[in-house]
**Student:** 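Below: one structure in structure tokens.
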Number of protein chains: 2
Amino acid sequence: MVKSVTLREAWSGEADCLNCSLRTSVLFAGLAESDFEQIHDPIDQFTLKPGTSLYRTGDAADHMFTVRTGVLKLVQYLPDGSQRIVRIARTTDVLGLEAMLEGGTYQHDAIALQPTEVCRFPARLVRDLGCNNPDLHRELISRWQRALNEADAWLTELSTGSARQRIARLLLRLVRDRESSACQLFSREDMGAMLGITTETASRTIAEFKRQSLLVETDPNRFLLDIPNLKRIAEG
Amino acid sequence: MVKSVTLREAWSGEADCLNCSLRTSVLFAGLAESDFEQIHDPIDQFTLKPGTSLYRTGDAADHMFTVRTGVLKLVQYLPDGSQRIVRIARTTDVLGLEAMLEGGTYQHDAIALQPTEVCRFPARLVRDLGCNNPDLHRELISRWQRALNEADAWLTELSTGSARQRIARLLLRLVRDRESSACQLFSREDMGAMLGITTETASRTIAEFKRQSLLVETDPNRFLLDIPNLKRIAEG
DNA sequence: CGTGGAATTGACCTGTCTCAAGAATCGTGG
DNA sequence: CCACGATTCTTGAGACAGGTCAATTCCACG
């Protein structure tokens, strides 16, 4: 289940690393061939089954991850046991940025929603290189800013307005920057946890959208979106 | 209204710079005296009246700010014109981290809620020094992580549960890490925008808390909190 | 087939929104 | 210093969205 590749192989940019967001970044670009010999921390490659967690809140954060394929949810829990999904990670997203702080801990549970492949690399690697390599440094900053923008967007877009609006905005967000309007939905329970509504309300609203043909089911649990009309609802 | 101080004065650590969070950080610590001569970007010091904006969404982000005294809200707007407050900045908080990305723009309106003093410094300064000074680098990362944690907390704590719970959590958050349980409240409208509820609901709930002596008004608009009972409500 | 979990749907109830009308507070200018 | 207009806060009454609880259907899987 855990396939290990050496840094040298990562550097070669072969195969699966094509989609690795850090490959196109300059993480390895500044290193001489000889440097690779000195780094013997392996880069591991995981495959997570749906429902499996990549890490848990409070775990010592010493690794960072890149999502190759699949989707993960980042979850936080309230004292009363209810949960809130604060972000979603998809292809090329980086997880565990908090590992940049020495001695830090993860701030969420990261749980796969689909079969998901991730690359794992030691945070120390990035910490050591980050300061000396301006391009990597910039890339890190940019990632952080993106995470922050996402967090803010979840507040303003996905936690504001009626349930109809929130679900419409969530759907639109799922197909943004995609060629097609096709997407597969999350479980009703997860939708609820993302939007701050109950699973029943999520279910009812999705059902209503289907009746109104705002959502058309092509394959089981795969849908085409009526983007213009969903936009109308989202901004209502 | 705009008082200008030179970097050398900042370095001397006199007067108002005592509370400056970047003073205790290593931003200037790594610089030799002689370096200061070469930096002629002034550090400006502003005083904002309540309701005044420090910057607006979309403005070119070329400066960062440290809050000396007072409070600011970070606001985002929805297409329908409604607003959501996504964060609050108080003493020693840094604003405008997005200026670290070259060519970036501010992601919020930053608006003073009280008479507020801020320091303004060019982002280029931090960009240039950040990479070479490991301590500053670490401090920046830490700030970013803190902002992200705040954003997540606003989702899980302040946008989840009943209005009673949200308001209780907001109140508790206002006095956290404070010696006393005294605090002054925001306008009902701002509370609503922070919690995703209407001003009427905010007002009603605050009034109810007063009746139950969970809030005791000492001076006009200054309150003492019944922390244990508020906690009970917050977690209820 | 039978079983367990998710999704759907219904009926009812309650919290919050909406609209609207007073009360209080603040800033301003006389 | 007071009076006035403008906000903001408070409070009420009614409507409605969404929550709650429960029953049913659907579906994947052994």
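To find a chain, count down the sequence lines: A is the first, B the second, and so on, and within it residues start at 1. Model, not experiment: these values are computed from the prediction.
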**Student:** Base contacts versus sugar-phosphate-only contacts with protein, heavy atoms under 4.0 Å: please encode nucleotides 24-30 of chain D as B, S and - from 5' to 3'.
**Tutor:** -------

**Student:** What are the two closest heavy atoms between B:A234 and B:Q165, and how far apart are they?
**Tutor:** O-NE2, 3.9 Å

**Student:** Answer yes or no: is there a donor N or O on one side and an acceptor on the other, between the side chain of A:R169 and the main chain of A:T160, under 3.5 Å?
**Tutor:** yes

**Student:** Strictly by salt bridge (charged side-chain N to carboxylate O under 4.0 Å, His left out), give each pair with a member in residues 204-215 of chain A just once, sequence neighbours left out.
**Tutor:** A:R164-A:E208

**Student:** Quickly work out the B:I167 CD1 to D:dC9 P distance and round it to whole Å.
**Tutor:** 12 Å

**Student:** Using the test ring pair (Phe, Tyr, Trp, His ring centres under 6.0 Å), find all partners of A:F65 that sit at least two apart in sequence or belong to another chain.
**Tutor:** A:Y55

**Student:** For nucleotides 1-18 of chain C, give me one character per nucleotide, 5' to 3': B if any protein heavy atom sits under 4.0 Å from the base, S if the only such contacts are to the sugar-phosphate, - if neither.
**Tutor:** ------SBBBB----SSB

**Student:** Which residue, B:Q76, B:H108, B:R84, forms the side chain to side chain donor-acceptor pair (under 3.5 Å) with A:T156?
**Tutor:** B:Q76

**Student:** Distance from B:I206 atom CD1 to B:I167 atom CD1, nearest 0.5 Å?
**Tutor:** 4.5 Å

**Student:** To the nearest 10°, let me know how far the axis at one end of the helix from C:dC1-D:dG30 to C:dA21-D:dT10 is tilted from the axis at the other, five pairs an end.
**Tutor:** 40°

**Student:** Which value, rounded to the nearest 0.5 Å, describes the distance between B:R222 atom CZ and B:E217 atom CD?
**Tutor:** 11.0 Å

**Student:** Test your reading of the model: is there a side-chain donor-acceptor pair from A:R166 to the backbone of A:G161, 3.5 Å cut-off?
**Tutor:** yes

**Student:** According to side-chain contact (heavy atoms from CB on, under 4.5 Å), who are the partners of B:V175, at least two apart in sequence or on a separate chain?
**Tutor:** B:C183, B:L225, B:I227

**Student:** Let me see the working for A:N149 and A:D152 under side chain to side chain donor-acceptor pair (under 3.5 Å), right down to the final yes or no.
**Tutor:** CA-CA 5 Å; A:N149 284 342; A:D152 290 341; over 6 Å; no

